[in-house]
Amino acid sequence: MSNENTAEQTTSPENNSAFLGTEKIFKLMLKFCIPCVLSLLVSALYNIVDQIFVGNSELGDTGNGAAGVVFPIFIIAQAFAWWFGDGCAAFLNICQGKKDESNAHKSIGTGLVLTIAASLVLMAIFYPLKTQILMLFGATEDGVNAYTGAFEVGTLNYAIEYFNIILGFFPVFMAMNMMNAVIRADGAPGWSMASMLSGAISNIVLDAAFIFGCKWGMAGAAWATVIGQVVSFAISVFYFVFKTKTFKLTLKSLIPDFKVFSSAVKLGTSSFITQVTIVIISLVCNIMLGKYGAMSVYGANIPIVLIGIESKVFTVVINIVVGVVLGCQPILGYNIGAGNVKRVKKTYLNILICTLAVGIISTILFEACPTAIVAIFGGPKNYDADLYWDFATKLFRIFLMLVTFTCAIKMTSIFFQAVGKPVFAIIASLIRDIICFVPLICILPIFYGIEGILWAAPAADLIAMIVAAALTLIYFKK
């Protein structure tokens with residue numbers, strides 16, 4: 001896995017990373033952030049495209065619910081991939097700023113090996129326990145709504161059909177995500193974007209062919225997804241073998257060096273926690289929506305199907321924000337390593353402006369046209385239409401009311417990760433989702449029923465935003 005860099009490559013400003021400390025910040029952000037945002041948006045499309053095609057097929061809302069149930073398990077896999085990948089990426093950028101060329105390749109090689117190992121462990125756990133895990137995340141069997149007496153089609157069988165295929169390609173999916181984080185940090189966001197875009201285009205084309213042409217249903221959606229992942233993986237491997245700029249891997253790099261890798265693990269912990277909290281939120285949300293939904297006119301299935309759609313839409317918004325701050329990670333990491341604090345402050349302000357803009361635009365859309373957004377994923381075929389659209393409206397207008405704060409909190413966590421402050425990053429990651437949201441979503445429904453679940457999100461956003469702002473002020477004051 002080694003590559004020979006030419007003399008021209010090793011002496012150019014772009015390849016030795018010195019330009020990160022001298023080039024205009026706005027110009028650097030255009031260079032790094034746009035490909036990074038597009039890359040992460042394309043990553044989100046992998047699951048969203050499946051759900052759109054499934055929702056508009058004969059599978060309808062039940063298929064949508066099945067894809068939504070599997071989504072948190074994708075996030076578990078992504079948590080490990082981003083833990084190792086983002087950690088290695090941040091470590092690589094700090095090494096660049098310190099002119100340290102001896103440790104980065106060891107960290108990246110170790111991270112890649114551990115990513116593959118983690119994928120195999122997850123497969124070994126998930127395959128025998130798939131039914132129990134899917135039901136834990138909200139999959140339902142066929143049954144009668146206790147409140148209305150209507151028969152409802154469950155999502156479990158569809159979810160198992162989809163999950164069986166997806167799980168077999170976890171090593172490809174996780175390695176691809178890990179490598180893409182490093183590729184962006186290596187100063188090649190265009191390659192990362194090309195990798196993800198190629199896979200997404202393959203997924204879209206094959207979704208149409210397999211679901212509508214071949215009538216393969218959930219299996220068709222799953223095969224389209226994994227083939228797209230293989231395409232992205234192949235392009236990422238090509239970059240690692242032939243195109244790296246600031247590091248090169250050899251076979252010795254793949255021998256785990258845990259002493260060096262410990263620094264990367266600390267820097268990537270915030271990414272891991274952020275992803276795990278998404279899983280915890282999905283789990284708690286589905287349990288509470290199933291419990292209190294069954295006690296309401298909506299039943300258990302409508303809230304669970306719609307929260308799956310909401311999570312996909314929310315992922316798009318968050319990925320834009322994450323793409324901006326991760327795109328700036330090489331700028332932040334290099335200048336922290338070089339001791340150039342003024343450029344760090346200026347970069348932060350630019351990131352904050354972009355984050356607030358994304359949050360405000362998203363809020364306007366969610367408040368003004370929630371049903372139009374949900375309709376992209378198809379309408380109700382197996383559930384009461386009036387109840388379906390009523391809950392969809394409430395979900396987007398209440399649950400995502402303070403999405404601007406959510407974006408700022410996520411941005412703050414990744415910023416601290418990029419500048420080498422893992423403790424601050426972890427606090428910012430935990431405060432909104434674990435410390436505030438989980439207790440609120442368990443307490444509020446006791447008094448306000450299913451709508452209490454919806455109000456838990458803006459309440460958590462408000463509290464966590466205060467904490468994130470305080471941490472930021474403390475950091476810049478020091």
Side-chain angles (χ1 to χ4, degrees), residues 61 64-65 68 71-72 138 147 277-278 280-318 320-321 355-356 358-377 379-380 383-410 431-466 468:
D61 39 14
N64 251 337
F71 182 65
Y147 191 91
T277 54
I278 294 173
I280 294 172
I281 286 174
S282 296
L283 176 60
V284 176
C285 266
N286 286 345
I287 291 173
M288 300 304 289
L289 286 171
K291 176 182 177 180
Y292 287 95
M295 298 164 59
S296 74
V297 67
Y298 301 109
N301 283 313
I302 287 178
I304 290 175
V305 167
L306 286 169
I307 200 70
I309 293 174
E310 178 276 332
S311 68
K312 302 292 178 68
V313 175
F314 177 73
T315 299
V316 171
V317 175
I318 287 298
I320 296 174
V321 172
T355 298
L356 295 177
V358 171
I360 292 169
I361 293 170
S362 300
T363 302
I364 293 171
L365 289 174
F366 296 154
E367 295 296 322
C369 49
T371 56
I373 295 170
V374 175
I376 297 171
F377 296 83
Y383 308 125
D384 184 278
D386 291 337
L387 293 175
Y388 185 89
W389 295 119
D390 180 60
F391 191 80
T393 301
K394 289 181 178 179
L395 176 64
F396 275 76
R397 286 181 175 169
I398 299 175
F399 201 76
L400 298 177
M401 180 186 298
L402 294 182
V403 71
T404 303
F405 285 4
T406 316
C407 292
I409 295 160
K410 297 295 182 186
I431 187 66
R432 190 263 182 190
D433 296 328
I434 302 300
I435 297 175
C436 295
F437 181 76
V438 171
L440 286 170
I441 204 174
C442 294
I443 295 170
L444 292 182
I446 297 173
F447 304 100
Y448 304 106
I450 195 167
E451 288 196 13
I453 297 172
L454 306 184
W455 283 103
D461 286 328
L462 180 60
I463 298 169
M465 186 68 245
I466 295 171

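Nearest heavy-atom pair across S311 and F71 is OG-CD2, 3.8 Å. The two residues G293 and P303 have their closest heavy-atom pair at CA-CG, 4.4 Å. The nearest pair of heavy atoms linking I441 to V284 is CG2-CG1, 3.2 Å. Here the closest non-hydrogen pair linking M288 and C442 is CE-CA, 3.9 Å. The two residues V313 and F377 have their closest heavy-atom pair at CG2-CE1, 3.8 Å. Nearest heavy-atom pair, C407 versus G359, reported as atom, atom and distance to 0.1 Å: SG-CA, 4.2 Å.
I450 is not listed as a side-chain neighbour of P445, based on a closest heavy-atom distance of 4.5 Å or more. Counting only heavy atoms from C-beta outward, the side chains of K410 and V317 never approach each other to under 4.5 Å. Side-chain atoms of M465 and D461, non-hydrogen and from C-beta on, never get closer than 4.5 Å to each other. Counting heavy atoms from C-beta on, the side chains of I280 and D433 never come closer than 4.5 Å. With contacts defined as side-chain heavy-atom distances shorter than 4.5 Å, the pair T363/L400 does not qualify. At a threshold of 4.5 Å between non-hydrogen side-chain atoms, the residues L454 and F396 do not count as touching. Counting heavy atoms from C-beta on, the side chains of L289 and Y298 never come closer than 4.5 Å.
Separating the CD1 atom in I307 from the CD1 atom in I281 is a distance of 10.0 Å, to the nearest 0.5 Å. Annotation: the span from I453 atom CD1 to I443 atom CD1 amounts to 13.0 Å, rounded to 0.5 Å. To the nearest 0.5 Å, atom CD1 of residue I431 and atom CD1 of residue I463 are 8.0 Å apart. Going from atom CD1 of I304 over to atom CG of L306 covers 10.5 Å, rounded to the nearest 0.5 Å. With values rounded to the nearest 0.5 angstrom, S362 atom OG is found 11.5 Å from E367 atom CD. Summarising the geometry, atom CZ belonging to F391 is positioned 10.5 Å from atom OG1 belonging to T393; distances are rounded to the nearest 0.5 Å.
At most 12 non-hydrogen atoms from other residues, nucleotides or ligands lie less than 6.0 angstrom from CH2 of W455.
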Handout entry: side chain to side chain contact (heavy atoms under 4.5 Å, CB included) between Y292 and I446, intermediate numbers included
Key = CA-CA 9 Å; Y292 287 95; I446 297 173; 3.8 Å; yes

